[in-house]
2 protein chains.
Amino acid sequence: MTRWLDEDEQRTWRRFLTATQLINEALDRQLQRDANMPHAYYVILVRLSEAPGRAMRMSELAAQAQSSQSRLSHAVARLEERGWVRRERSAADRRGNVAVLTEEGYAALAAAAHGHVEEVRRTLFDVLEPEQVRELDEICAAVVSAAGGHVSPAGGNTLAR
Amino acid sequence: MTRWLDEDEQRTWRRFLTATQLINEALDRQLQRDANMPHAYYVILVRLSEAPGRAMRMSELAAQAQSSQSRLSHAVARLEERGWVRRERSAADRRGNVAVLTEEGYAALAAAAHGHVEEVRRTLFDVLEPEQVRELDEICAAVVSAAGGHVSPAGGNTLAR
DNA sequence: ACTAAGTATATGAGAGTTCAACTAGATTGA
DNA sequence: TCAATCTAGTTGAACTCTCATATACTTAGT
């Protein structure tokens, strides 16, 4: 039989959907408006910027940006058109491609970072108590590990996003 | 100056993105695979099914399904093609349209509900302690109210989603 | 070596979303 | 009452995402 959600669970579930959607929409709108890129592209640029040499294999980049390979491929194609990323055939494995963040790409990311972080604070961290932030962290960790996902750690020289 | 995220905040933020994305992807894949609809359509059907007469004004439906009017309009157009929803000109305000859930639409929703709820449990509720669910509820409530959003309560005869 | 299977990535079509018009009906106020 | 304005909803274009498929290179097995 179906284990339906009880009243409390349903309220939580709907709140969860609403909250996460509000945050995502806020991020997307802010980035689109101020930096002309969707959030997914921002994440790609961030990951590239943190990689050694600002370069990474496509498949590795896809994993770190939590993107399908197909989505990443399309996205990098667009980023390449803008001159923000360049693709180079991998020497070691000639099937592979390495995406390289260009100077223009880094500049675009740097220009976008401030407004983005502000938005993240505005929509999430500023509205929570420090203890709630800790709780959220544990909750998300539980969800991620149950789903078999993994969170790539932030790089050192990161434009903290 | 930019208030960058510190190390803990960054970890939490990346976990949050990963977790919410994993959940959304799981829901979308499950519904697409088993019921041939994206999650957004499911939400629309749920809201309609809970409305008196299984009917609602487009703008009200958009608000409750957290959708832009444009998105809703496109979505309802597709749902209409499938025979799951019907549109009627509103008598009171002749600019307005009323979306009505058809019997076929209700049947499609009923058929999809079990698998969907299971997926919600699998990805979220089953992996959290009861206390964490309460904490998550409060966290989401804070985010929603800060963002000026609102969560429509569940209807009475709901296919609890 | 050669073939079968596997891996890395790209590509194209189909579908959903966003944004900016656009239509049509309702309101307001002089 | 009539023009200006507002509101409800739709539409089309541009863009992103997904899924299935194709391409090219690599690895395993014999």
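So you know, we letter chains A, B, ... as the sequences are listed, proteins then strands, and number each from 1. As the structure is a computational prediction, the values presented were derived from the model and not from experiment.
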Please report the distance, rounded to the nearest Å, between [atom1] in [X] and [atom2] in [N].
X	N	atom1	atom2	answer
A:L61	C:dA8	CG	P	14 Å
B:E60	D:dT7	CD	C1'	15 Å
A:Q30	C:dT18	CD	P	16 Å
B:L72	C:dG16	CG	P	13 Å
A:L79	D:dC15	CG	C1'	13 Å
B:M58	C:dG25	CE	C1'	17 Å
A:E81	C:dA10	CD	P	13 Å
B:Q69	C:dT23	CD	C1'	14 Å

Strictly below 4.0 Å, N to O, side chains only: are [X] and [Y] in salt-bridge contact?
X	Y	answer
A:E119	A:R122	yes
B:D28	B:R33	no
A:R11	A:D8	yes
A:R82	A:E104	no
A:R86	A:E88	yes

Which ILVMFWY residues are connected to B:M1, directly or by a chain of links, through side-chain heavy atoms under 4.5 Å apart?
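B:M1 shares its hydrophobic cluster with no other residue.
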Tell me whether B:R78 forms a cation-pi arrangement with B:Y41, defined as NZ or CZ under 6.0 Å from the six-membered ring centre and within 45 degrees of its axis.
no
Considering every strand and a 4.0 Å limit on heavy-atom distances, what is the contact class for B:S73: base, sugar-phosphate, or nothing?
base
Should the heavy atoms of other residues, nucleotides or ligands under 6.0 Å from CD of B:E129 be counted, would the total exceed 12?
no
Identify, residue by residue, the members of residues 86-100 of chain A with a heavy atom below 4.0 Å from DNA chain C, and return them in order of residue number, or none.
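By residue number: A:R87, A:R95, A:G96, A:N97.
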Nucleotide-resolved protein contact map, nucleotides 16-22 of chain D, B/S/- at heavy-atom distance under 4.0 Å
BSBB---
Checking side-chain polar atoms at under 3.5 Å, does A:R89 have a donor or acceptor matched by the opposite partner on A:N97?
yes
